[in-house]
Amino acid sequence: MSARNKKDKREAWGLKESVLTFIPGNSTFNSMRSRNARHGVAFILPFIIGFLVFMLWPLLQSLIMSFNEVNLVQGGGFKQTFVGFDNYKYAFGVDPYFNKRLVEEIPRMAINTAATLVLSFVIAVILNQDFKGRTLARAIFFLPVILSSGVLPGIESQNEFYNMMQGISDEIANSSGVNLSAALQDLLAVSGVGSGVFDVLFDMIDSIYDIVMASGIQIIVFLSGLQAISPSLYEAADVEGCTAWEAFWKITFPMVSPLLLVNSIYTIIDFFMKNDNRVMERINELMQRLEFGHVSAMSWIYFGVALAFIGVLSFVISRGVHYYED
Amino acid sequence: MKTKQAVSPSQASANRKTRSYAAKAKAKKWAISIARGLLLFGLCFMIIQPMLTRLSTSLMEERDLYDSTIVLLPRNVTLDNFRIVFDLTTFPTSMLNTVWTALLVSVLQVISTTLVGYGFARYDFPLKKFWFACVVALIVIPPQTISTSLYTYFAQFDFLGIVKLFNGGQPINLRGSVLPYALMSATCMGLKDGLYIYMLRQYFRGIPKSLEEAAYVDGCNTFHTFVRIMLPDAVPTILSCFLFSFVWQWTDLFYTRNFLATSSRPIFSTELSTIVSRMSRYFSADASKPIIVPVGRQQQLISIGVLICCIPLIILYCFTQKTFVQSIAMSGSKE
């Protein structure tokens, strides 16, 4: 590791050297280091081109669009008129759904992210133990990565009639007392324990299916982290008289904690991009009505929220996480 | 201890204690494995159950759907529903189109991301940190943010006026053809390409430097080193990126809707998403049938669509499960 670090930390590229690297006919150009650098740039050239043409440029345009009213012109093309922050005002003040759904989705995302992390960690710990049928169990837990991607997750609930019927049947189920979690919730409420915390908990239990379906990748990432822990650590802990519970909190958890950040970011992005996300649904609706200005403003607000969420989370997690040098 | 003939009373009690301790430990182990089994079985069942339900409902006749005595197994087995779904969609054609599109896109994605991942892992060049930050940004930025501008962008494709030079002053309409999407995939901007770059970079970083140096000493140039030394070892990782890309492309709706929706060559995922509206049109064309399709029937036909979409993927997954899992495991294990 130390040798690698030294190599990584060799002198940085100065401005002059960087420029000379790409201009033929000087001594810097002919050096080994410059040649390697040019080869490296050649390798990542597809990315550079793609990022500039298909990401940065459209991103810029969409930012401009969010400050303009965009009208389609007959025969193709569109006309933009500058309207300042009107699109943003529309998103927050006028649109009947966007604002409300955004406010509803954010706590849902926070809860879902936490639940996904906890659940995938627990499942990874279980799947890391030795038992019969482990391979099969792992294969099944990874299956949602395929089965809940793209068009598939939302498709059955998009049907409006179905949703109506579902609502009615839910009511029937609740009133007949078959719904266990609701019954338990009622019981707790009667005995005076019920509070906001419990509501959140029961929400999680009710949406356990969604959470399991969204945690395939996270389970594998945690699992690989668990497998990277050297068994000698546990042996040493055992010799020193450490219980399994202590070993879990003193060895397993700290060793895996750096992966928390990767997983939480992945979970948030996954949640944001899902088709059945209701903010996304609203944006897609407006997109089909060709209200490009409004759509751009909403997308930027949405993106900003996602970024803020990821930023706060990375800050919190990276402060509390122990990074282990191997 | 075993060689001792006589056992002192204190030792006997100690033995008893050990035995009861062992029994306790065994019981605990059993309890844990039963609890674990139950939990895992429950969760696994939950994951698989929707698929099983779909399978059983897809075989039911319409009257079975409303029969409350039928829960799991159909009484009147029929394959008629599949025929209807085939009528509703242009299914064999769209499936074939989907296969070709997904293959094309994922091959392009894998080639470009492998090159880029290799470049990031093994070379040092100016602005490397900046470009890698861009890769991370690519992972983090939801494609929805740029979807609007991409939509109009490709309707009149003319990057910095370059196209105009060749096309007599006219921008060209690229929507509805597979070309813009192929271009994006070839330049690492396709679906989840940031993730693949990250995965491949993690892999290439793990290869010892000495291997590369040995190749140079033996007279390999950069290209040869990459093709002969690095690529053969990377095949499993590349393969798994390819599989991910293929599977996600198969079910993708977002890019497909944006770029290929108006295409004359239908793609299965967009057909699937519009299956309900197709249904009422299909049934209203037939005078003997009610115009409003009953909800149960709608759900049934959607289930069949989902099944048809999933079955090839599940078969693929059965054969390649290890490849899928390993690459993710590798990319997660190193920070």
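Chain identifiers are assigned alphabetically (A, B, ...) following the order of the sequence lines, protein sequences preceding nucleic acid strands; residue numbering begins at 1 within each chain. Please read these numbers as outputs of a predicted model, since none were measured by experiment. Just so you know, these numbers use all the heavy atoms, side chains as well, and skip hydrogens, waters and symmetry mates.
Using a 4.5 Å cut-off between heavy atoms, B:L39 touches chain A through its side chain atoms alone. The contact between B:I197 and chain A is made entirely by side chain atoms (from C-beta outward), counting heavy-atom distances below 4.5 Å. In this structure, chain A has a heavy atom under 4.5 Å from the side chain of B:M189, while its backbone stays farther away. For B:C309, the part sitting under 4.5 Å from any heavy atom of chain A is the side chain, from C-beta outward, and nothing else. At a 4.5 Å heavy-atom cutoff, B:L316 makes no contact with chain A through either its backbone or its side chain.
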Report all side-chain donor-acceptor pairs from residues 298-311 of chain A shorter than 3.5 Å, counting only partners two or more places apart or in another chain.
unit_1 : atom_1 : unit_2 : atom_2 : d
A:S299 : OG     : A:V295 : O      : 2.8
A:W300 : NE1    : A:S62  : OG     : 2.6
A:Y302 : OH     : A:F272 : O      : 3.3
A:Y302 : OH     : A:N277 : OD1    : 3.4
A:Y302 : OH     : A:N277 : ND2    : 2.7

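By a heavy-atom distance cut of under 4.5 Å, B:W131, B:C134, B:V135, B:L138 are the residues of residues 131-138 of chain B near chain A, going up by number.
In terms of the side-chain hydrogen bond (donor to acceptor under 3.5 Å, both in side chains) criterion, B:T114 has no residue partners (sequence neighbours excluded). By the salt bridge (Lys or Arg N to Asp or Glu O under 4.0 Å) test, B:R201 is found to be paired with no residue, residues two or more places apart in sequence or in another chain being considered.
The greatest number of non-hydrogen atom pairs below 4.5 Å with chain A, out of B:L313, B:L191, B:I141, B:V247, is found for B:I141. Interface remark: of the candidates A:I44, A:V41, A:I126, A:I44 forms the most heavy-atom pairs closer than 4.5 Å to chain B.
Ring centroid separation for the pair A:F43 and B:F226 comes in under the 6.0 Å cut-off.
Considering CG of A:L147 and CE of B:M51, their distance stands at 5.0 Å, rounded to 0.5 Å. Atom-to-atom distance recorded for A:Y209:OH and B:Q49:CD is 8.0 Å, nearest 0.5 angstrom.
Within the 4.5 Å cutoff, the side chain of A:Y266 has no heavy atoms near those of the B:I139 side chain.
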